[in-house]
Amino acid sequence: MKEIKLIASDIDGTLIPDSTPDLYPEMVAAIPKLVKQGILFCAASGRQYWSIRNVFREVEEELVYLAENGAHIRYKGKDIRVVPMKREYAEGIMKQLRQYYDTCDVVVSTPEGSLVESKKKDFIDLLTYGYHNKFRQVEDVLAEKADIVKIAVYQKDSIRQLGEGTLIPAWTERVKVCMAGEEWVDFMDASVDKGHGLEFIQDYFHIKKEETMAFGDNDNDIGMMQAAGESYAVENARKEVKAAAKNVCPSYTDKGVYRIVKGLLED
């Protein structure tokens, strides 16, 4: 294996359980050691920046944030990449998603935080206490003037039938749309992908593909598997992710990412 200079890891279902806010102590302790060795750690997620930063709050200044599946990349408090959606597509997606408000809820992401129309307490609690998102409740997200970098629709327990059966086929020719866990479907600009985001970071920090290691579990992680010289699907990953990755490591319940990363740490 070539010397690793960049580690990119998905969060939900890869590092920690879906929709949870806390990183386990071993990874918290490992990240500063990696940085001291000259290895950059990238938290790569469909989550918004503020939610990711909360997960890594004990080491928040030590890493690069690949948020919103790569539509928003931030380092040392500075936006280094923002990719907004085309307005006409955002409007069309919202028009369709509002038809499902009886069973679904929507988060519209901007670089400054999220916008939500929902008033359902359970969903607002999930954003507040589960994801620790920074958000505002508004009557009409499209009336706001901020750049939209992602639209995410949530259905408790599973959105896979609606997502794979209706939403993804409806939009796949115009935007990047994918399952992001069992309960979420994400819509972004067609150019947005975690793999493209990781390639941007590689170029920005002058790091080669073969010097990069990536971890993931879901469909939106496949691009990262392809952009990294060393790639790992966690044991609980979908079969498509395992097929795209070079290796399989233990699941998040067995702290698989840490078990691999630990092998890179100097004594």
Side-chain angles (χ1 to χ4, degrees), residues 1 3-70 72-77 129-133 180-181 194-195 197-198 201-202 205 207 211-218 220-221 223-225 227-238 241-242 245-267:
M1 182 191 303
E3 180 186 3
I4 297 299
K5 296 182 179 179
L6 170 62
I7 298 171
S9 179
D10 172 55
I11 297 174
D12 295 282
T14 299
L15 266 178
I16 56 178
D18 287 354
S19 312
T20 56
D22 300 317
L23 187 62
Y24 52 87
E26 293 92 334
M27 277 303 300
V28 171
I31 289 171
K33 295 177 183 177
L34 292 169
V35 173
K36 190 174 181 180
Q37 289 177 208
I39 301 174
L40 183 65
F41 189 88
C42 170
S45 177
R47 294 193 190 205
Q48 64 157 230
Y49 161 72
W50 302 97
S51 176
I52 303 172
R53 194 177 79 162
N54 177 72
V55 172
F56 292 88
R57 56 192 176 274
E58 295 176 74
V59 289
E60 62 184 51
E61 294 301 319
E62 303 280 1
L63 60 156
V64 59
Y65 297 87
L66 189 159
E68 314 288 12
N69 293 313
H72 186 198
I73 301 178
R74 197 170 172 94
Y75 181 67
K76 299 292 186 184
Y129 305 112
Y131 286 105
H132 287 256
N133 272 18
K194 282 189 182 182
L198 186 56
I201 291 168
Q202 289 166 338
F205 291 98
I207 295 171
E211 297 170 331
T212 304
M213 179 180 286
F215 297 86
D217 77 309
N218 219 312
N220 61 340
D221 297 317
M224 287 204 306
M225 302 298 100
E230 289 295 321
S231 54
Y232 289 83
V234 287
E235 183 56 50
N236 54 289
R238 289 178 58 80
V241 185
K242 290 181 177 178
K246 288 179 64 176
N247 310 283
V248 175
C249 69
S251 72
Y252 67 85
T253 58
D254 293 319
K255 301 179 180 176
V257 174
Y258 172 71
R259 288 167 68 169
I260 301 300
V261 166
K262 183 172 65 171
L264 301 176
L265 295 176
E266 298 171 352
D267 294 334

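Since we're looking at a predicted model, the values are computed, not measured.
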task = Just do the side-chain contact (heavy atoms from CB on, under 4.5 Å) check on Val241 and Asp217 with the steps written out, would you?
result = CA-CA 6 Å; Val241 185; Asp217 77 309; 5.8 Å; no
message = Between Tyr24 and Leu15, is the side-chain contact (heavy atoms from CB on, under 4.5 Å) condition met? List the steps.
response = CA-CA 9 Å; Tyr24 52 87; Leu15 266 178; 4.0 Å; yes
message = With side-chain contact (heavy atoms from CB on, under 4.5 Å) as the criterion, how do Glu68 and Gln48 come out once you've worked through the C-alpha distance, each side chain's angles and the decisive distance to 0.1 Å?
response = CA-CA 5 Å; Glu68 314 288 12; Gln48 64 157 230; 3.2 Å; yes
request  = Verify side-chain contact (heavy atoms from CB on, under 4.5 Å) between Glu235 and Lys242, making sure each step is shown before the conclusion.
outcome  = CA-CA 8 Å; Glu235 183 56 50; Lys242 290 181 177 178; 3.1 Å; yes
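In terms of heavy atoms, Tyr252 sits closest to Ile16 at CD1-C, 3.9 Å. Annotation for Asp18 and Gly13: closest pair OD1-N, 3.2 Å, computed over non-hydrogen atoms. Contact between Pro21 and Tyr129 at its shortest, heavy atoms only, is CG-O, 4.0 Å. Contact detail for Ser231 and Ala245: the closest heavy-atom pair is OG-CA, 3.4 Å. Residues Leu66 and Cys42 share a closest heavy-atom pair of CB-SG, 3.7 Å. Across Ser45 and Ile52, no two heavy atoms sit closer than the pair CB-CD1, 3.8 Å.
Side-chain atoms of Leu264 and Ile7, non-hydrogen and from C-beta on, do get closer than 4.5 Å to each other. Between Phe41 and Val59, every side-chain heavy-atom pair lies at or beyond the 4.5 Å cut-off. Residues His72 and Tyr65 are not in side-chain contact: their nearest non-hydrogen atoms beyond the backbone lie 4.5 Å or more apart. Inter-residue side-chain proximity for Asp12 and Tyr131 is flagged as met; some heavy-atom pair is nearer than 4.5 Å.
With Gln37 contributing its side chain and Glu266 its backbone, the two residues share a donor-acceptor pair below 3.5 Å. Between the Lys33 side chain and the Leu265 main chain, no donor and acceptor come within less than 3.5 Å of each other. Using modelled atom types, no side-chain atom of Glu230 and backbone atom of Ile4 make a donor-acceptor pair closer than 3.5 Å. With hydrogens and angles ignored, the 3.5 Å screen pairs a side-chain donor or acceptor of Asp221 with a backbone N or O of Asn218. Under a 3.5 Å cut-off, the side chain of Lys246 and the backbone N or O of Tyr232 do not form any donor-acceptor pair.
The CD atom of Glu62 sits 6.0 Å away from the NZ atom of Lys76 when rounded to the nearest 0.5 Å. Atom CG of Asn236 and atom OG1 of Thr253 lie 6.5 Å apart (nearest 0.5 Å). Note that the CD atom of Glu61 and the CD1 atom of Ile31 stand 13.0 Å from one another [nearest 0.5 Å]. Here the straight-line distance linking atom NZ of Lys262 with atom CD of Glu26 works out to 8.5 Å at 0.5 Å rounding. Here Leu23 contributes atom CG and Ser9 contributes atom OG; the two are 9.0 Å apart, rounded to the nearest 0.5 Å. Residue Arg47 holds its CZ atom at 9.5 Å from CG of Asp10, rounded to the nearest 0.5 Å.
Ion pairing between a basic and an acidic side chain is recognised when a charged N comes within 4.0 Å of a carboxylate O; Arg57 and Asp22 show such pairing.
Screening Leu198, Ile39, Leu34 for a side-chain contact (heavy atoms from CB on, under 4.5 Å) involving Leu6 leaves a single residue, Leu198.
Ring to ring, Phe205 and Tyr75 are close: their centroids are under 6.0 angstrom apart.
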